[in-house]
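These notes concern the structure reproduced below.
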Amino acid sequence: QVQLVESGGELVQAGGSLRLSCAASGRTFSRYVMAWFRQAPGKEREFVAAITWSGSSTAYADSVKGRFTISRDNAKNTVNLQMNTLKPEDTAAYYCAAYPGVILFRNQYRYDHWGQGTQVTVSS
């Protein structure tokens, strides 16, 4: 079992940066694909980024490519999302997710474990 706790969300101005963190518990964290999803009010949850257990492969939504970077530290059981050049449309609740595997799925239903979310608000 993996339990996930997100942190780092806050109010930021457009053009600014934030770093989200997800702390995971569980001895097998290093064997999980980790991902970030987000959900804006009135919209469906959408894929943001994912990373393999080794960190050697990553995937990004087109809307964040070049601005966001996902990384992980298996020794510390954390996965991070560095968000730069933030836009008002990035405003959403951001969720950390995990599943035991190797494919960087973009479908939320492929992920078994979820955090409670952290709110990111980007003002214009």
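These figures come from a predicted structure and were not determined experimentally.
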Under a single-linkage definition using a 4.5 Å side-chain heavy-atom cutoff for Ile, Leu, Val, Met, Phe, Trp and Tyr, are [X] and [Y] assigned to the same hydrophobic cluster?
X      : Y      : answer
Phe105 : Phe68  : no
Leu11  : Val120 : no
Ile51  : Trp53  : no
Tyr94  : Val79  : yes
Tyr60  : Val122 : yes

Of all the heavy-atom pairs spanning [X] and [Y], show the shortest one and how long it is.
X      : Y      : answer
Tyr111 : Ala50  : OH-CB, 3.9 Å
Asn84  : Ser17  : OD1-OG, 3.0 Å
Asp112 : Pro100 : OD2-CD, 3.2 Å
Ser63  : Arg38  : OG-NH2, 3.5 Å

query: Got more than 12 heavy atoms from elsewhere within 6.0 Å of CD, Gln119?
result: yes
ask   = Hey, is CZ on Arg67 packed in by over 12 heavy atoms from elsewhere, all under 6.0 Å?
value = yes
Evaluate the side-chain proximity of [Y] to [X]: yes if any heavy-atom separation is below 4.5 Å, no if none is.
X      : Y      : value
Ser21  : Thr78  : no
Val33  : Ile103 : no
His113 : Tyr32  : yes

Between [atom1] on residue [X] and [atom2] on residue [Y], distance to nearest 0.5 Å:
X      : Y      : atom1 : atom2 : value
Glu6   : Leu4   : CD    : CG    : 6.5 Å
Ser25  : Gln3   : OG    : CD    : 4.0 Å
Arg45  : Trp114 : CZ    : CH2   : 4.5 Å
Leu18  : Thr118 : CG    : OG1   : 9.0 Å
Ser124 : Gln13  : OG    : CD    : 9.5 Å
Glu46  : Trp36  : CD    : CH2   : 14.5 Å

Just checking, is any N or O donor in the side chain of Gln82 or Asn80 under 3.5 Å from an acceptor N or O on the other one?
no
**Carboxylate-amine/guanidinium proximity below 4.0 Å for Lys65 and Asp62** = yes
task = Take Val2 and Met34 through the side-chain contact (heavy atoms from CB on, under 4.5 Å) test and state the conclusion after the steps.
result = CA-CA 11 Å; Val2 174; Met34 302 297 298; 5.6 Å; no
Please report the C-alpha distance between Met83 and Val64 in whole Å, then the side-chain angles of each, then the deciding distance to 0.1 Å, and finally whether the side-chain contact (heavy atoms from CB on, under 4.5 Å) criterion is met. CA-CA 8 Å; Met83 306 187 296; Val64 307; over 6 Å; no
Relative to each other, are the rings of Phe47 and Phe37 parallel, tilted or perpendicular (30° and 60° limits)? perpendicular
In Thr58, Leu104, Val102, the residue satisfying side-chain contact (heavy atoms from CB on, under 4.5 Å) with Thr52 is Leu104
